[in-house]
Amino acid sequence: MLKIMDQMITFKRIIKRRSTEQFSGVPYVMTLLNCLLSAWYGLPFVSPNNLLVSTINGTGAAIELVYVMIFLIFAMKKEKGKILGLLTLVLAIFAIVAFVSLFALHGKGRKLFCGIAATVFSIIMYGSPLTIMRMVIKTKSVEFMPFFLSLFVFLCGTSWFVFGLLGKDPFVAIPNGFGCGLGTVQLILYAIYRNNKGQTQKGATSESLEMEKSTSKPHQEKPLNKHPSHDEQV
């Protein structure tokens with residue numbers, strides 16, 4: 001929930017500028033899948049005594065679905081098609097997991113199947129910002145990796161990791177331990193490149209403006225010699 005609440009900052013910017021800019025929609029769709037699977041895993045007939053997991057992630061899934069819809073509204077055509085395709089895949093995966101666990105499995109087998117599915121896709125969710133981290137290293141700018149996003153990934157992963165350890169639930173502890181580590185790496189990257197926020201893009205913009213000015217200058221024509229020279233007169 002900490003991570004989802006932090007995403008409000010990003011979506012305020014998207015709505016204000018009416019553009020998703022260079023923000024990736026993949027983390028939001030993968031977070032939706034993670035919330036759906038974790039909420040399903042926490043249901044009493046799947047995993048007893050995990051109702052808190054189900055309640056929090058069910059609320060998170062509803063909020064995340066709103067974020068994905070907003071992203072689709074303001075995304076470019078190419079990005080919109082990509083996210084729609086990924087969203088369809090995510091909903092299909094959740095439907096398959098729910099169907100199999102309901103009608104083909106029972107007892108410990110059901111809990112094991114749903115737990116493994118939730119673990120795998122939780123790790124994928126935490127790994128989805130790797131593309132943003134690569135862009136940060138490449139551009140040496142943290143403009144599209146906000147500080148609070150990195151902080152809440154760390155806090156969310158750490159809190160659920162501790163919760164999983166206390167409850168002796170590996171399906172909660174393992175993926176969130178991975179998230180804790182990844183959040184730490186993001187915070188380290190932010191500390192390294194925090195002073196370069198937006199500078200790369202500004203530099204590229206000013207450079208392109210200078211090139212545009214230089215190319216738009218008319219070529220100076222050689223002045224015509226109106227008066228004939230002494231040799232020409234002779």
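Positions are given from 1, in the same order as the sequence printed here.
Few gaps surround NZ on Lys80; more than 12 heavy atoms of other groups in view lie less than 6.0 Å from it. The 12-atom threshold is not exceeded at CE of Met76, counting heavy atoms of other residues, nucleotides or ligands nearer than 6.0 Å.
Hydrophobic cluster membership is shared by Leu33 and Leu91, with clusters built from Ile, Leu, Val, Met, Phe, Trp and Tyr side chains linked at under 4.5 angstrom. Under the 4.5 Å side-chain heavy-atom criterion for grouping Ile, Leu, Val, Met, Phe, Trp and Tyr, Ile174 is not connected to Met30 through any hydrophobic cluster. No path of Ile, Leu, Val, Met, Phe, Trp and Tyr side chains, each step under 4.5 Å between heavy atoms, connects Tyr41 with Leu166, placing them in separate hydrophobic clusters. Linking ILVMFWY side-chain heavy atoms closer than 4.5 Å, directly or via other members, places Leu155 and Leu165 in two distinct hydrophobic clusters. Neither Ile123 nor Phe161 shares a network with the other; the hydrophobic side chains, linked directly or stepwise wherever heavy atoms of I, L, V, M, F, W or Y lie under 4.5 Å apart, form separate groups for each.
Pro175 and Pro170 make their closest contact through CD-O, 3.8 Å (heavy atoms, listed as atom of the first residue, atom of the second, distance). For the pair Phe45 and Arg110, the tightest heavy-atom approach, listed with the atom from each and the gap, is O-NH1, 3.2 Å. Closest non-hydrogen pair, Val185 versus Met133, comes out as CG1-CE, 3.3 Å. Contact detail for Ser38 and Asn57: the closest heavy-atom pair is CB-CG, 3.5 Å. For the pair Ser101 and Cys114, the tightest heavy-atom approach, listed with the atom from each and the gap, is CB-SG, 3.4 Å. The two residues Glu64 and Leu32 make their nearest non-hydrogen contact at CG-N, 3.6 Å.
In this structure, the separation between CD1 on Ile137 and OH on Tyr193 is 6.0 Å, given to the nearest 0.5 Å. How far OG1 of Thr119 is from CG of Asn34: 9.5 Å, rounded to the nearest 0.5 Å. Atom OG in Ser122 sits 11.5 Å away from atom CZ in Phe171 (nearest 0.5 Å). The CG atom of Leu182 sits 12.0 Å away from the CZ atom of Phe154 when rounded to the nearest 0.5 Å. Distance check, rounded to the nearest 0.5 Å: SG of Cys156 to CG of Asn176 gives 6.0 Å. One distance of note links OH of Tyr67 with OH of Tyr28; it measures 9.0 Å at 0.5 Å rounding.
Contact of the Tyr190 side chain with the Val136 side chain is not registered, since no non-hydrogen atoms from C-beta on lie closer than 4.5 Å.
Using bins of under 30°, 30° to 60° and over 60° for the plane-to-plane angle, the ring pair Trp40/Phe94 lands in the perpendicular bin. Ring-plane geometry between Trp160 and Phe163 is classed as perpendicular, the angle between the planes exceeding 60 degrees on a 0 to 90 degree scale with a lower cut at 30.
Here Ser47 pairs with Asn50 under the side-chain hydrogen bond (donor to acceptor under 3.5 Å, both in side chains) rule; sequence neighbours left out.
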